[in-house]
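Note that the structure is predicted; figures quoted are calculated from it, not measured. Whatever order the structure lists ligands and atoms in, that order sets their numbers, starting from 1.
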Amino acid sequence: MSRLWNLTEFGFHADRVNHYETLFTVGNGYLGTRGSFEEGHPDSIAATLVNGVYDHADGMLVPELANFPNWIPFAITVDGTPFKVVTSTTDLMKPPEGVIFGYERTLDLKEGILRRAVLFRAASGNVVRVIFERFASLSDVHVMAQRVIITAVDGAPEIAIRAGVHGNSMNATALHWNDDVQVISTDEEIGIGATTRQSGYSMGVAARLTGPHPATASATGLILDLETRFSLEQEQTVTFDKLVGIFSSRDTDENPLDAARAKALRASEIGYDALRAAHVAEWAKYWDTADIVIEGDDECQLAIRFTTYHVLIASPRHDENVSVPAKTLSGFGYKGHVFWDTELFTLPLTTLTHPSIARNLLMYRYHRLEGARHKAKANGYEGAMYPWESTDTGEETTPQWSDVQPDGSRIRIWTGDNEQHISTDITYAIQQYWRFTGDDDFYTRYGAEIVLDTAVFWGSRAEEKNGRYELSQQIGPDEYHENIDNSVFVNRMVVWHLSTALNALSWLRAHAPADAARLTSQLDLTEARLAKWQDIIQRMYIPFDAEKGIHVQFPGFFDMEFIPVPKYQPRVTSVQAILSHARSIQTQVIKQADVVMLMALLGESVGAPGGADVKTVMRNNWDTYFPRCDHGSSLSPAMHAWVAARLGLLDEAYDQFHHAAHIDLADNKGNVRDGIHAAACGGVWQAVVFGFAGLHIADNGALALDARLPAHWRQISFSVNYRGEIKRFTVTNPR
Ligand code: IFM
């Protein structure tokens, strides 16, 4: 079964360099390093992103995660021939080319280790095998390790190596580091320290090389290397280990370069093998609760381990001031910004398997309440209104304009103004965390404050008109339809939110009266305010078509042009891209699960106004909205899989699940070079646990299942940490 833990690239794929760089990212919740080649590649987008180190460079609309110095360079020449995997050329001006005879690269998901083996013939005719291995330590997140093993397979070559830390890493369009760089370059160690240009974070990366031959340092600007030369006898093997320390001023009071140097020194004293053993042992703890075993579907088994791996390496273990960027720490997409993707897509996995990580993620929002209060005030509201895109400061960081389009125009981005449901999404995640962990300490000290202050926001935001409450100028999950009035997703979730807030306050009054009193006074929870929340709950407009027995995504939705989305096949892009932004706004094409998302989150408690049968309404909703959705967002298929499974539509559920699980592996959106789709990865886990297995907390407070598995799945197993106890579940398919 070991192959079901290994993602392997057999043979070099010149056309997928950036795709594989993203897939093969190693990380540990503190940082991510893309799977770039040690020897470099002309198309490479090499990056090491340390969570939380954002910078707003001149000329950029918004801040982004700054790319750290590249710690993986390891150049090799064999009898003067540079080791590299690019296709050979006959350009006489270039040094002699070698030939690759074999290439295999594997990400071991179980151990969090990336390995590459290459058989290489130099121009001299001598053949070497090179094995590269690297990991970002999970047992000490400030350590990264790289091993390179060179064997003379045929002949006795002369080898030269250069193991580097290169400080010239840029982001896509900006260099975020000041010129006041500190450089360490001795024969024992190399290191770089610098400070971001605008935000003023400093960082340090330092490396030491161990091996059978002493090295000497070389420095060309910010390109620092430790290099050595030696000859190999036939069949002789040499092993070099590069051990790297990394810090930023976010995580040490020392000079980060000094801290990184000390860490690299300590790592070289411990040694690669012991570091790797500790790292692997830590991964075993991760998988003990996070692994899902699917019997009867090897393809999806590997895929779900891959998606779970990527959620885990992006989730902070020791830091409550960072979150999970929408593209994880594996690429520059969305500039490392944090969206609702965390709370509703990736966070449930950690809530149910590694709750201390989920707590960190929720604390990230708690520590940014001031930013949310600031946004509410700036918009004329009370309470806390979280930003749609968030970074380190907690202020709104959604760009207002898109990049320049092919015709030279730019499109106004409204999500930062009007995609306001994020405040409720955060509240949903807090409630889910509290229910599954029973962490009253978190809830009373931190969580309830968010739940209540975001409720204060909605209380001031809801508009009393037409004899009811309405919410105008909203963007629901379906972002194709901007600035609409009365999104059923938003209105219904706000009702849920306000009810939850009232229950939270009652619970606090009964169980934590001091906290209830503190929050009542601090957030000005007057009886009049609470009465208004109750009134909104009762009189909020929930768009519903009683004749058709469906929730209406928003009034006017069905008056727009109908587009038969399933006919637009085969396609490798969204229907919006085919129709244009301007036209699709006027159609019924839906970007992603919207009413379907509402059904995922609330299940049958979504309700059916006017006494309609909720089961029938849910099925009608599915039949109505599923064919209108083009899944223009990667967030969509997993939510459809979840809901289809609950509705017993197992073929549709499996198709959607398979699609979601392979969004990154298959790169069927063509944008994986920009980073892993974190939400899709987390959504896949939820589709299995909440969708196919039907996990829920029963009325008696116990965990319960209501499983419906795809026909060819023989069995699934998974674990859940429920209120501090690990519960193991195995579901066998009765079919
Ligand atoms: O948060 C999502 C949004 O729902 C759809 N567009 C991409 C964002 C980031 O993943």
Subject >> Glu343 bridged to Arg365 by N-O distance under 4.0 Å >> reply: yes

Original post:
Quick one: do Arg583 and Glu561 make a salt bridge, cutoff under 4.0 Å?
Top reply: yes

Which N or O atoms of ligand 1 sit under 3.5 Å from a protein N or O, and how far apart is each pair?
from	atom 1	to	atom 2	distance (Å)
ligand 1	1 (O)	Trp340	NE1	3.0
ligand 1	1 (O)	Asp341	OD1	2.6
ligand 1	4 (O)	Trp340	NE1	2.9
ligand 1	4 (O)	Gln592	NE2	3.1
ligand 1	6 (N)	Glu479	OE1	3.3
ligand 1	10 (O)	Asp341	OD2	2.5

**OP:** Indicate yes or no: does Glu652 engage Arg619 in a salt bridge with an N to O separation below 4.0 Å.
**Re:** no

**OP:** Apply side-chain contact (heavy atoms from CB on, under 4.5 Å) to the pair Gln420 and Lys375, showing each step before the final yes or no.
**Re:** CA-CA 11 Å; Gln420 298 170 2; Lys375 181 172 177 186; 5.7 Å; no

Original post:
Would you call the rings of Tyr381 and Phe457 parallel, tilted or perpendicular, where under 30° means parallel and over 60° means perpendicular?
Top reply: perpendicular

**OP:** Report yes if some heavy atom in the side chain of Met560 is under 4.5 Å from a heavy atom in the side chain of Thr587; otherwise report no.
**Re:** no

